[in-house]
Structure formats: structure tokens, C-alpha cells
Amino acid sequence: MSVSEAQASTLGIAEFNAGNQAWRGQDWVAALAAYTQATQLNPGLALAYLGCARCHVRLGAWGAAREAFTKVLRLEPANYSAWLEAGHLCRQMGELQQASGAYQRAIDASPERFEAPLAMARVLHQLDQKQLAGQAFKHAMAAAENQVTAKGSAKLTADVAHRMGQYLLELVDNAAA
């Protein structure tokens with residue numbers, strides 16, 4: 001007996017939704033179990049793998065998180081969130097070059113968003129590439145300004161500038177902050 005295309009597209013959705021429910025309740029173990037079940041029922045459900053990756057990060061299972069991010073990106077090579085969050089994970093692991101590469105892929109996927117250029121600026125500053133970090137920060141500010149124009153609020157650009165100042169303070173670069 002074969003599964004119709006319409007039936008195949010809904011496989012794992014209930015489990016995925018259960019994962020989202022557990023995630024909202026901050027029950028990372030239950031969320032991971034539900035997302036994992038969703039991926040078993042529907043190996044093409046990229047968002048379920050992304051849910052798994054996020055749970056693994058919350059649970060401190062960084063190797064498993066990297067594997068899950070890889071699965072997402074095999075299914076959806078231009079998934080902005082997966083590239084961005086994989087970059088964050090690499091930065092947490094101290095793998096700054098890999099973080100930079102992941103952030104660049106996120107920027108390539110959605111250059112109009114500010115989060116990846118801001119993260120890139122942070123990593124480039126850590127890599128002592130201050131000129132490139134400044135360019136990435138300008139990109140983040142321009143993207144934030146474009147979002148502000150679309151939404152009609154100036155709070156976002158102030159938030160981006162504030163975050164970059166915090167990142168520089170973390171690096172004990174008080175003059176640049």
C-alpha cells in the first residue's frame with residue numbers, strides 16, 4: 001500500500017506540532033522527542049530537524065545540534081535561521097572561522113535581515129578583523145534601518161547599535177564600545 005502525495009506531506013505534522021507545544025513550555029526533552037518522531041515519520045520535514053537542533057543546543061548536546069543543523073541545510077540550503085543558529089553554535093564552541101562562514105551563508109540567504117551581519121561583526125571583531133567588522137556592522141545597521149522604514153519605528157536601529165556596543169564591551173574593547 002502506497003501513501004499518496006497529500007498524505008505524505010502531512011506525515012509527522014502532529015508530532016512536529018507537539019514538539020512546538022513542548023518547546024513553548026520549555027520542555028526541551030519532550031520537544032526533542034516529538035521533533036525526532038516527526039523526522040522519523042517524515043525525513044523531509046526540515047523544520048522538525050531545526051527543532052531538534054534547537055533542543056540539542058538547549059540541552060548542551062552541541063555535536064548532535066551540529067548534525068541536526070546539517071540535516072536542515074541539506075534539505076533547505078538557504079534556510080536563514082539554520083545558518084544563523086549554526087553560526088551561533090560554532091561561535092559558542094570557539095570555532096570562529098566556521099561561525100563566520102555560517103553567518104556569511106545566512107547573509108547570502110537573506111541580506112535584508114540584520115541579525116547575521118550583526119553576528120558577523122561580532123565574530124570578525126573577535127578575529128581581530130576590525131575593518132571587516134565595521135563593514136558588517138554598517139550592513140546590520142542599514143538592514144535594521146530598512147526594517148524600521150517598513151515598520152515605522154526607530155527602536156530597532158538603537159537596539160542593533162546597543163547590541164554591538166555590548167559585544168565590544170564583552171571583548172574588553174572599551175574604547176571601541
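Quick note: residue numbers are just sequence positions, from 1.
Here the CG-CG distance, from L47 to N20, works out to 8.5 Å after rounding to the nearest 0.5 Å.
For residues 83-106, the salt bridge (Lys or Arg N to Asp or Glu O under 4.0 Å) pairs, not counting sequence neighbours, are R54-E85, R66-E95. Residues in residues 37-78 take part in no ring pair (Phe, Tyr, Trp, His ring centres under 6.0 Å) pair, two or more places apart or across chains.
Clustering ILVMFWY residues whenever any of their side-chain heavy atoms sit less than 4.5 angstrom apart, transitively, puts L89 in the very cluster that holds V72. No continuous path of ILVMFWY side-chain contacts below 4.5 Å connects M120 to M93, so the two sit in separate hydrophobic clusters. Hydrophobic clustering (side-chain heavy atoms under 4.5 Å, transitive across Ile, Leu, Val, Met, Phe, Trp, Tyr) keeps L84 apart from F114.
By the ring pair (Phe, Tyr, Trp, His ring centres under 6.0 Å) test, Y103 pairs with H88, sequence neighbours left out. Remark: N17 pairs with no residue by the side-chain hydrogen bond (donor to acceptor under 3.5 Å, both in side chains) rule, at least two apart or across chains. Annotation: side-chain hydrogen bond (donor to acceptor under 3.5 Å, both in side chains) contacts of E115 (sequence neighbours excluded): Y80, R113. In this structure, the side-chain contact (heavy atoms from CB on, under 4.5 Å) partners of A18, at least two apart in sequence or on a different chain, are A34. Every residue meeting the ring pair (Phe, Tyr, Trp, His ring centres under 6.0 Å) condition with F16, not counting sequence neighbours, appears here in chain and number order: Y35. Residues satisfying the side-chain hydrogen bond (donor to acceptor under 3.5 Å, both in side chains) criterion with R24, sequence neighbours excluded, are Q21.
Annotation for G19 and A31: closest pair O-CB, 3.5 Å, computed over non-hydrogen atoms. L59 and L32 make their closest contact through CD1-CD2, 4.0 Å (heavy atoms, listed as atom of the first residue, atom of the second, distance). Looking at every heavy atom in both residues, T39 comes nearest to A48 through CG2-CB, 3.6 Å. When all heavy atoms of L45 and A38 are compared, the closest pair comes out as CD2-CB, 4.1 Å.
Cluster note: L73 groups with W83 through ILVMFWY side-chain heavy atoms spaced under 4.5 Å, whether in direct contact or through intervening members.
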What side-chain donor-acceptor pairs closer than 3.5 Å can you find for residues 135-142, not counting sequence neighbours?
from : atom 1 : to   : atom 2 : distance (Å)
H139 : NE2    : P111 : O      : 2.9

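Taking the side chain as every heavy atom from C-beta outward, L118 and R122 never approach each other to under 4.5 Å. Residues L96 and C90 have side chains not in contact (no heavy-atom distance under 4.5 Å, counting atoms from C-beta outward).
Other residues, nucleotides and ligands contribute more than 12 heavy atoms inside 6.0 Å of the CD atom of E112.
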